[in-house]
2 protein chains.
Amino acid sequence: MGKRPRAVEGENLWDEITALKRERILGEAVELFYRKGYLPTSVDAVAERLGATKPFVYYHFKSKVDLLVEICERGTREALAVIAAAVALDLGPQEKLERLVRDFTAVVLDHHKLVAIYFREQLNLPEEAAARIAAMRRDIDHHLRALLAEGREAGVFRFDNLAVASLIVAGMVSYAFAWYRESFSVPREEIADTMVAHVLRSLGAEPLARVGAAQR
Amino acid sequence: MGKRPRAVEGENLWDEITALKRERILGEAVELFYRKGYLPTSVDAVAERLGATKPFVYYHFKSKVDLLVEICERGTREALAVIAAAVALDLGPQEKLERLVRDFTAVVLDHHKLVAIYFREQLNLPEEAAARIAAMRRDIDHHLRALLAEGREAGVFRFDNLAVASLIVAGMVSYAFAWYRESFSVPREEIADTMVAHVLRSLGAEPLARVGAAQR
DNA sequence: CCAGGATTATACTGATTAGTATATTATTCA
DNA sequence: TGAATAATATACTAATCAGTATAATCCTGG
């Protein structure tokens with residue numbers, strides 16, 4: 001590049017270029033962290049995949065761990081966003097949960113690499129970032145628990161232990177990061193449908209007619 | 001130690017001592033790998049926790065990665081063992097599944113550190129060990145799928161997609177490694193009961209009266 | 001009580017790699 | 001055109017650590 005032209009008004013081309021560079025760096029980092037792990041991936045390797053060198057990466061990111069933080073934070077933030085949106089809907093508990101599970105599943109599948117990296121590399125996060133992300137996960141957990149409690153009180157859901165039930169439900173969906181691949185034979189929509197059906201039934205709710213009816 | 005006395009007949013004290021040393025080394029490795037991760041844990045650190053030094057560890061294990069292999073293999077082997085035992089029972093699909101989920105959950109909780117380490121550190125396993133463990137996981141998956149298929153054909157279970165259903169069920173149980181701690185407030189027995197209830201219901205089977213009846 | 005193998009420690013090597021100091025190039029504005 | 005500055009590269013440093021060569025011990029049988 002060269003001297004940056006004076007900013008005209010807010011967003012200009014150079015901000016976009018810089019943002020693009022950051023995204024490309026992050027993208028290659030995701031690939032390598034996902035396939036080889038965070039620690040075994042050298043910053044040189046990330047740069048090389050971009051046809052650049054290490055200082056290029058360090059010009060755009062303060063440190064290697066910042067790449068990891070950004071990756072881990074993104075996945076969690078997206079999940080929290082759709083979950084918070086679902087519980088805020090003006091619907092009954094079952095409809096809200098259905099929406100929550102469907103959207104949450106979509107996030108886990110779409111960002112399965114981010115989620116996998118987060119689960120694997122949690123320990124390599126700096127204290128402060130780990131705390132921030134843990135707080136988001138707590139929020140997710142609270143939303144889910146509150147919704148399950150609401151549904152149970154309304155007589156829609158049936159289960160014994162709220163804390164465990166909520167962890168089990170979270171596990172059903174989250175765990176998809178461990179088996180989902182781009183090449184997976186079943187389309188995402190169908191996975192989400194199946195997930196909704198299983199979650200609802202595991203909570204003693206009758207799934208709506210649309211899902212869980214026919215056998216394949 | 002010193003010169004090893006002549007072996008008397010099979011098991012003698014020295015074999016037991018050697019086995020104990022290996023176990024203690026492995027135990028400390030589990031603690032450190034679990035809390036800090038495999039790569040950030042130095043062999044020196046493992047030795048230090050035993051009041052010994054690095055060559056002590058290398059005398060009993062060929063390499064650092066052998067520790068990891070042993071840890072990962074153990075958890076998976078135990079899980080496969082109880083699952084294979086459950087599906088081999090001479091019972092109906094629902095009873096077999098109940099047993100499978102209960103015992104599988106117990107293994108995951110009892111060995112949650114091993115399971116957590118395996119999930120995190122898979123990528124650091126040497127090719128050959130990774131393949132051996134992957135084969136065990138495939139066996140687990142096949143057992144579970146076969147049992148679900150059997151139950152569906154018998155009209156006991158209802159679900160759409162066999163492959164996805166089986167992954168979801170496996171996830172409900174396995175994912176406990178991510179949230180279970182020794183300090184967890186709910187006793188293991190109750191977690192296992194809850195797990196059984198949720199799995200059975202998620203498959204459209206009515207849980208037996210004993211579980212899932214009362215609300216707390 | 002000594003010989004010899006089993007066991008453990010001290011001290012080193014070699015490789016990797018995050019991060020940086022410094023040089024270089026590219027681009028724009030005056 | 002020529003500062004001035006943004007962007008990128010080259011080349012280095014410092015730290016870490018797996019693994020090992022070698023030395024020191026320690027037990028046990030004879």
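Chain letters run A, B, ... following the sequence lines, proteins first and then strands; every chain starts at 1.
- As rounded to whole Å, 16 Å separates atom C1' of C/dT10 from atom CZ of B/F56.
- Ion pairing between A/E128 and A/R132 holds under the 4.0 Å rule for side-chain N and carboxylate O.
- The one candidate from B/K113, B/K36, B/R49 that meets the side-chain hydrogen bond (donor to acceptor under 3.5 Å, both in side chains) condition with B/E31 is B/K113.
- Taking 4.0 angstrom as the limit, B/H60 places a side-chain polar atom (N or O) nearer than this to OP1 or OP2 of C/dT8.
- At whole-Å resolution of the value, CG in B/L68 and C1' in D/dA18 are 15 Å apart.
- Residues from residues 23-34 of chain A lying near DNA chain C, meaning a heavy-atom separation below 4.0 Å, are absent.
- Using a distance-only test at 3.5 Å, with no hydrogens or angles considered, no donor-acceptor pair links the side chain of A/R77 to the main chain of A/I133.
- Checked by atom type and distance alone, the side chain of B/R152 pairs as donor or acceptor with a backbone atom of B/D160 at under 3.5 Å.
- Distance A/F61 CZ to C/dA18 P: 15 Å, rounded to the nearest Å.
- The ring-ring contact (aromatic ring centres under 6.0 Å, His included) with B/H112 is formed by just one residue from the set B/F119, B/Y180, B/F177, B/F184; it is B/Y180.
- Side-chain atoms of A/H142 do not come within 3.5 Å of backbone N or O of A/D139 as any donor-acceptor pair.
- What separates OH of A/Y58 from C1' of D/dA6 is a distance of 21 Å, to the nearest Å.
- As a whole-Å value, the separation of B/N124 CG from D/dA18 P is 12 Å.
- Taking atom NZ of A/K21 as the reference point, atom C1' of D/dA9 lies 14 Å away to the nearest angstrom.
- Going from atom OH of B/Y59 over to atom P of D/dA18 covers 21 Å, rounded to whole Å.
- A/R22 contributes a side-chain N or O that, together with a main-chain N or O of A/H60, makes up a donor-acceptor pair within less than 3.5 Å.
- With respect to the salt-bridge test (charged N to carboxylate O, under 4.0 angstrom), the residues B/R74 and B/E78 do not qualify.
- The interatomic distance linking A/I17 (CD1) with C/dT27 (P) rounds to 11 Å, in whole Å.
- Two residues are said to be in side-chain contact when any heavy atoms from C-beta on lie closer than 4.5 Å; A/F159 and A/S202 fail this criterion.
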For this session: Could you run through nucleotides 11-17 of chain D and give me one letter per nucleotide, 5' to 3': B if any protein heavy atom sits under 4.0 Å from the base, S if only the sugar-phosphate is that close, - if neither?
Result: -------
